[in-house]
Number of protein chains: 2
Amino acid sequence: MLSKACQYAIKSLIYLAKHNDRAYIPLSEISKNINSPEAFTSKILQKLVSAKMVISTKGSRGGFQIINHEKILLGDIVEAIDGSNLSEGCFLGLPECSCQNPCPVHFKYVELKNKLNTFLFQISIDELVDIGSMVI
Amino acid sequence: MLSKACQYAIKSLIYLAKHNDRAYIPLSEISKNINSPEAFTSKILQKLVSAKMVISTKGSRGGFQIINHEKILLGDIVEAIDGSNLSEGCFLGLPECSCQNPCPVHFKYVELKNKLNTFLFQISIDELVDIGSMVI
DNA sequence: CATAAATTGGACAATATTGTCCAAATAACC
DNA sequence: GGTTATTTGGACAATATTGTCCAATTTATG
Ligand code: FES
Ligand code: FES
């Protein structure tokens, strides 16, 4: 359902939120703890930096730090990484998804879309820090 | 959300169901009407044949014919084409999705999964033949 | 100032998905 | 029986996603 890149992004952000008391956290620690390929995770963190969800500093004692935990929603992360929204567009791939020119599944799909949107855009990272584990 | 392959598969089946009165329908007609690449659609129809959702005959006047419209559910098609279920597995990619070892989004995600499953496994192809259009 | 620890960015590699081409087999029809 | 219309299956090509490697840059610290 989600791309790997998004999965790593969300896991990274949850990890950063969990450890937000300690200053900058290096990539090596993040990827070790969320069990992700380090170099690939690096690229993803760069995107999160340009999306202003994370700040970074180079050099010794450098690393990443999450900013505005409360405001980062799952859907924002997906958009920042994949460039699209997951609930966007027609289920069957028509160029437009609208009630004026619906595809055969349209009216059933819009209901599901609503649920998906509340899932994506009502859950913030800071709600997730105290629940569950992220490693194998 | 859905792979292109699945989208073409569903569109093909809807088209076949719409024209089930006329005997075999050739690939060329299907892909013209659902606006899909012909050779790629051919591979997809082969999978639908081996999944026994469609029968085919070669040669002049040959083509494809849908069987058991009523029984073909969207989720069955996705499984036949992609080999997996779209609602399967952990949202964050953990190897198991379970309430015993939940990831941070698990309990919110299972609710969405239920909605997705009813969407996928309560809609059959023959419910869709009279609704909407499938072309650009 | 030298060294160590870190991000950044570019180039590359591997894999998966999407898509094309073509020869072979088959069936209908004249 | 030859021709035409079709599926089938294999090999291939293009693109997207995932992943790796490495040099350059930056910062802290002794
Ligand atoms: S038009 Fe296809 S889902 Fe809305
Ligand atoms: S364990 Fe992650 S969604 Fe269930």
Side-chain angles (χ1 to χ4, degrees), chain A residues 1-12 15-16 19 22-67 78 80-84 86 92-93, chain B residues 1-12 15-16 19 22-67 78 80-84 86 92-93:
Chain A
M1 175 140 200
L2 266 196
S3 66
K4 295 264 184 189
C6 283
Q7 293 178 338
Y8 298 147
I10 295 172
K11 286 176 178 173
S12 295
Y15 185 82
L16 287 173
H19 299 85
R22 300 162 37 212
Y24 289 98
I25 296 178
L27 169 64
S28 59
E29 180 181 336
I30 298 169
S31 83
K32 214 163 284 163
N33 279 281
I34 70 171
N35 197 53
S36 67
E38 193 171 314
F40 190 43
T41 310
S42 168
K43 305 295 183 191
I44 290 163
L45 284 165
Q46 284 176 40
K47 283 197 185 182
L48 296 178
V49 169
S50 51
K52 299 198 198 316
M53 297 175 180
V54 160
I55 53 175
S56 67
T57 97
K58 292 181 175 181
S60 182
R61 296 287 172 115
F64 299 90
Q65 202 177 340
I66 191 172
I67 51 182
V78 176
I81 299 298
D82 284 353
S84 77
L86 186 63
L92 296 184
Chain B
M1 178 140 199
L2 266 196
S3 66
K4 296 265 183 188
C6 282
Q7 293 179 338
Y8 298 148
I10 295 172
K11 285 176 178 173
S12 295
Y15 185 83
L16 287 173
H19 299 85
R22 301 160 36 210
Y24 289 99
I25 295 178
L27 169 63
S28 58
E29 179 181 337
I30 298 170
S31 81
K32 215 163 286 168
N33 278 282
I34 69 172
N35 197 52
S36 67
E38 192 169 318
F40 190 43
T41 309
S42 168
K43 304 296 182 191
I44 291 163
L45 283 165
Q46 283 176 42
K47 283 196 186 182
L48 296 178
V49 169
S50 52
K52 297 200 200 314
M53 296 174 180
V54 161
I55 53 175
S56 67
T57 98
K58 291 181 178 182
S60 183
R61 297 285 172 113
F64 300 91
Q65 200 177 341
I66 192 173
I67 52 183
V78 176
I81 300 296
D82 284 353
S84 79
L86 187 62
L92 297 183

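Convention: sequence-line order gives letters A, B, ...; per-chain numbering from 1.
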Student: Reckon A:Leu27 touches a base, only the sugar-phosphate, or nothing at all at heavy-atom distances under 4.0 Å?
Tutor: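 A:Leu27: backbone/sugar contact only, no base atoms under 4.0 Å.
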Student: Reckon A:Tyr24 touches a base, only the sugar-phosphate, or nothing at all at heavy-atom distances under 4.0 Å?
Tutor: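 Nothing, no nucleic acid heavy atom in range.
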Student: Can you check side-chain contact (heavy atoms from CB on, under 4.5 Å) on B:Leu45 and B:Tyr8, steps first, answer last?
Tutor: CA-CA 9 Å; B:Leu45 283 165; B:Tyr8 298 148; over 6 Å; no
Student: Distance check needed: C:dG19 P versus B:Lys43 NZ, whole Å only.
Tutor: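 These atoms are roughly 14 Å apart.
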Student: Would you indicate, yes or no, if C:dT3 has its OP1 or OP2 atom less than 4.0 angstrom from a side-chain nitrogen or oxygen of A:Ser60?
Tutor: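 A:Ser60 to C:dT3 OP1/OP2: no side-chain N or O under 4.0 Å.
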Student: Check this one for me: any side-chain N or O of B:Tyr8 less than 4.0 Å away from OP1 or OP2 of C:dG19?
Tutor: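 So the side-chain polar atoms of B:Tyr8 do come within 4.0 Å of the phosphate oxygens OP1 or OP2 of C:dG19, strictly under.
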Student: Roughly how many Å is it from NZ in A:Lys58 to P in D:dA23, rounded to a whole number?
Tutor: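 Those two atoms, NZ and P, are 16 Å apart.
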Student: Starting from P on C:dT18, measure out to CD on B:Gln46 and report it in whole angstrom.
Tutor: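 Between P of C:dT18 and CD of B:Gln46: 17 Å.
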Student: Please report the distance, rounded to the nearest Å, between CD1 in B:Ile25 and C1' in D:dT6.
Tutor: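 Whole-Å distance recorded here is 14 Å.
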Student: Counting side-chain heavy atoms from CB outward, which of C:dT8, C:dC29, D:dT8 is closest to B:Phe64?
Tutor: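 The closest nucleotide is D:dT8.
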Student: If I take atom CD1 in residue A:Ile44 and atom P in nucleotide D:dT18, what distance separates them, rounded to the nearest angstrom?
Tutor: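 Taking atom P of D:dT18 as the reference, CD1 of A:Ile44 is at 8 Å.
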Student: Side chain of B:Pro37 only, please: which of C:dT7, C:dT20, C:dT18 is the nearest?
Tutor: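 Out of C:dT7, C:dT20, C:dT18, the nucleotide with an atom closest to B:Pro37's side chain is C:dT20.
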Student: Does A:Ser42 have a side-chain nitrogen or oxygen under 4.0 Å from the phosphate oxygens OP1 or OP2 of C:dT8?
Tutor: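 So the side chain of A:Ser42 is outside the cut-off, no N or O lying under 4.0 Å from OP1 or OP2 of C:dT8.
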Student: Between atom CD1 in A:Ile81 and atom P in D:dT18, what is the gap in whole Å?
Tutor: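 These atoms are roughly 11 Å apart.
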Student: Using side-chain heavy atoms (C-beta onward) and a distance below 4.5 Å, is B:Ile66 in contact with B:Tyr15?
Tutor: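 B:Ile66 vs B:Tyr15: side chains apart.
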Student: Within the modelled atom types, does a donor on one side and an acceptor on the other bring the side chain of B:Lys4 and the base of C:dG19 under 3.5 Å apart?
Tutor: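 When only heavy-atom distances are counted, B:Lys4 does not reach the base of C:dG19 through any donor-acceptor pair under 3.5 Å.
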Student: How is B:Gly59 classified with respect to the nucleic acid when contacts are heavy atoms under 4.0 Å: base, sugar-phosphate, or nothing?
Tutor: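 Base contact.
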Student: I need the NZ-C1' distance between A:Lys47 and D:dT17, as an integer number of Å.
Tutor: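 The answer, rounded to whole Å, is 10 Å.
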Student: Look only at the side chain of A:Asn33 and the backbone of A:Glu29, and say whether a donor-acceptor pair between them is shorter than 3.5 Å.
Tutor: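 Here the side-chain-to-backbone pair exists.
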Student: Could you check whether any side-chain heavy atom of A:Ile44 comes within less than 4.5 Å of a side-chain heavy atom of A:Ser12, counting everything from C-beta outward?
Tutor: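 Side-chain contact under 4.5 Å: no.
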Student: Can you check the B:Ile34 CD1 to C:dG19 P distance for me, whole Å?
Tutor: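 From B:Ile34 CD1 to C:dG19 P: 11 Å.
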Student: As a test of reading the structure: which of D:dT6, C:dT7, D:dT20 is closest to the side chain of A:Phe40, going by heavy atoms?
Tutor: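 The closest nucleotide is D:dT20.
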Student: Under the criterion side chain to side chain contact (heavy atoms under 4.5 Å, CB included), which of A:Thr57, A:Leu16, A:Ile25 is the partner of A:Phe64?
Tutor: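 For A:Phe64, the side chain to side chain contact (heavy atoms under 4.5 Å, CB included) test succeeds with only one of A:Thr57, A:Leu16, A:Ile25, which is A:Leu16.
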